[in-house]
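Just follow the structure's listing: the first ligand is 1, and inside any ligand the first atom is 1.
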Amino acid sequence: MQKIKDSKIIIIGGGGIGCGIAYSLCQEGETDVLLLEKNDALAAETTSQGAGLVGQLRNNFHRAALAKWSVRIFSELEKSAIKKPGWMQVGSIRVALTEEQANKFEKLKSIAKDAEINVDWITNQEAKKKWPLFDFSSAKGVLWCDSDGYLSPPKLTESYASEAMMLGAKFETGILVEEIISSNGKITGVKTNKGTICCDILINAAGAHAWHISKMAGLDLPIFPVRHEYFISIEMENIHPLLPTMRIPEASLYLRASNNSLLLGGWEPDSVYTDPKNFKNGEKPPVIKDDLNVMKWFKDQLKIIYPKNKIIQNKKVYKGWPTFVPDGRFIVGPTKKLQGYIMAGGCNAHGISGSAGIGKHVVDSIFSKEKSEYLDSLSPDRFLSIDNSNREQEIKESQKIYENYYN
Ligand SMILES: Cc1cc2nc3c(=O)[nH]c(=O)nc-3n(C[C@H](O)[C@H](O)[C@H](O)COP(=O)(O)OP(=O)(O)OC[C@H]3O[C@@H](n4cnc5c(N)ncnc54)[C@H](O)[C@@H]3O)c2cc1C
């Protein structure tokens with residue numbers, strides 16, 4: 001095999017986030033980019049399982065703006081890219097079952113307004129018109145965001161990759177990064193199963209292996225894979241792809257149409273994590289068996305708007321190990337500990353919807369002279385400066401983020 005050419009920038013990981021970063025770099029004119037993926041195909045791990053919901057209602061202005069940027073890119077790709085991400089801008093419904101939750105929605109609405117994202121209250125009858133299958137009579141408030149939607153995570157990844165390749169980025173699959181090489185506190189390259197490749201900048205977008213890659217760089221970051229699942233039902237009447245996405249925070253549920261079936265997922269109260277120390281770089285994280293009790297719990301939770309919930313039959317369960325971190329925020333950008341090393345991890349199960357926004361922030365973190373306070377706040381150094389960090393505590397906090405996802 002020919003030696004792989006050295007590149008200015010190497011990205012480790014060909015999931016939605018790594019490919020989104022390659023695309024964003026190329027869009028900014030930085031095309032000396034090489035993406036390395038250990039599997040023989042892109043989008044082969046967490047990204048292959050994503051539900052693809054894209055929501056912009058977030059609990060601070062900058063996070064909402066990041067999501068809005070992603071939506072802008074998804075729309076552009078759907079319009080102009082040769083390979084489309086399957087972006088369906090069908091809008092989203094968010095249902096409050098108590099006054100307290102409706103008050104929280106009011107805050108989300110005001111943040112969205114500041115970020116110039118159109119969000120309105122709709123009546124229960126209007127919600128019923130948008131999703132006729134469900135009964136919204138017990139809702140204490142329903143928010144509507146017309147620019148939200150859903151897409152296919154593997155198609156999005158392909159779309160990013162093909163656009164980036166057309167602009168000059170190189171993608172190599174079947175390449176396992178085994179070691180990080182640095183000299184005088186600065187990244188100089190990586191050792192792989194197919195030889196050494198030099199670079200000036202190394203981006204860690206390794207998903208459930210982001211901890212392992214960081215460890216190779218001498219950084220111990222609290223990135224914990226937490227199991228997440230949803231199911232797609234057999235075909236049901238009155239379900240079609242143009243229905244909006246939906247979130248019911250108090251029931252810990254999200255849903256959307258998947259063709260003529262229901263896609264139903266959520267955040268169960270007893271989450272399951274795996275310590276990345278228990279699997280090696282190059283190995284897949286533990287195999288997940290379909291947890292049918294959790295699927296039943298999702299259906300039980302849906303009863304409040306769908307009393308006929310018992311008729312829903314699963315066709316297929318999707319599952320994976322998205323990573324969670326103790327403060328529930330992305331880990332993006334450089335570290336003071338190793339020049340040229342950039343993080344793009346800790347997806348907290350919104351890495352697909354965040355991917356284009358993360359790509360933009362990674363680009364800014366490398367090239368922008370004035371870094372925003374928000375970008376600084378996502379730095380890996382926020383964890384590396386903690387003395388005597390308590391791993392058990394960090395795992396508990398990361399699980400809590402999962403279990404209280406909508407809060
Ligand atoms: C069931 C489920 C539902 C979800 N639903 C949504 C949703 O609706 N909306 C949303 O935004 N997000 C959702 N997510 C989360 C989303 O899927 C993830 O945030 C996203 O896929 C993470 O992308 P990634 O590129 O970081 O990771 P991955 O897709 O896991 O990619 C990382 C890649 O790095 C590669 N790699 C690792 N180590 C090495 C190495 N040493 N050398 C070379 N390559 C390496 C891996 O092989 C892998 O392909 C969901 C996740 C799950 C599991």
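- Protein heavy atom closest to atom 34 (O) of ligand 1, with residue, atom name and distance, is Gly13 CA, 3.2 Å.
- Atom 13 (C) of ligand 1 has as its closest protein heavy atom Ala349 O, 3.4 Å.
- In this structure, Lys316 forms a cation-pi arrangement with Tyr318, its terminal cationic atom sitting closer than 6.0 Å to the ring centre and no more than 45° off the ring axis.
- At least one heavy atom of Ile175 sits closer than 4.0 Å to an atom of ligand 1.
- Close contacts between ligand 1 and Thr47 involve ligand atoms 20 (C), 21 (O), 23 (O), 25 (O), 28 (P), 29 (O) [criterion: under 4.0 Å to a heavy atom].
- Proximity of Ile213 to ligand 1 is established by a heavy-atom distance of less than 4.0 Å.
- Between the side chains of Asp135 and Tyr306, no donor N or O sits under 3.5 Å from an acceptor N or O.
- Closest to atom 9 (N) of ligand 1 by heavy atom, among Leu53, Leu176, Ile180, Val317, is Leu53.
- A donor-acceptor pair shorter than 3.5 Å can be found between the side chains of Ser271 and Gln399.
- Of the protein's heavy atoms, Ile352 CG1, 3.7 Å lies nearest to atom 16 (C) of ligand 1.
- With a 4.0 Å cut-off on non-hydrogen atoms, Ala344 does not touch ligand 1 at all.
- Between the side chains of Tyr160 and Ser355, a donor-acceptor pair is found at a separation under 3.5 Å.
- Residues passing the side chain to side chain contact (heavy atoms under 4.5 Å, CB included) test with Ser24 are Val363, sequence neighbours excluded.
- Applying the side-chain hydrogen bond (donor to acceptor under 3.5 Å, both in side chains) test between Gln393 and each of Lys396, Arg391, Glu397 identifies Glu397 as the sole match.
- Of the candidates Arg256, His228, His350, Glu283, it is His228 that places a heavy atom closest to atom 1 (C) of ligand 1.
- Among protein heavy atoms, atom 42 (N) of ligand 1 sits closest to Val177 N, 3.0 Å.
- At a 4.0 Å heavy-atom cut-off, ligand 1 touches Ile12 through the side chain alone.
- For the residue pair Lys113 / Asn118, no side-chain donor-acceptor distance below 3.5 Å is found, with atom types taken as modelled.
- At a heavy-atom cutoff of 4.0 Å, ligand 1 is contacted by both the backbone and the side chain of Lys38.
- For Asp220 and Trp211, the side-chain atoms include at least one donor-acceptor pair closer than 3.5 Å.
- Defined by atom type and a distance below 3.5 Å, a donor-acceptor pair is missing between the side-chain atoms of Arg256 and Ser92.
- Given atom 41 (N) of ligand 1, the protein heavy atom at minimum distance is Asn281 OD1, 2.8 Å.
- In terms of protein heavy atoms, atom 47 (O) of ligand 1 is closest to Glu37 OE2, 2.7 Å.
- In this structure, atom 27 (O) of ligand 1 lies nearest to the protein heavy atom Gly207 CA, 3.5 Å.
- Looking at Tyr230 and Gln49, their side chains never bring a donor and an acceptor atom within 3.5 Å of each other.
- Of the listed residues (Gly50, Ser70, Ala44), the one carrying the non-hydrogen atom nearest atom 50 (C) of ligand 1 is Gly50.
- Residue contacts with ligand 1 do not include Pro153, since none of its heavy atoms lies under 4.0 Å from the ligand.
- From the protein, the heavy atom lying nearest to atom 6 (C) of ligand 1 is Ala51 N, 3.7 Å.
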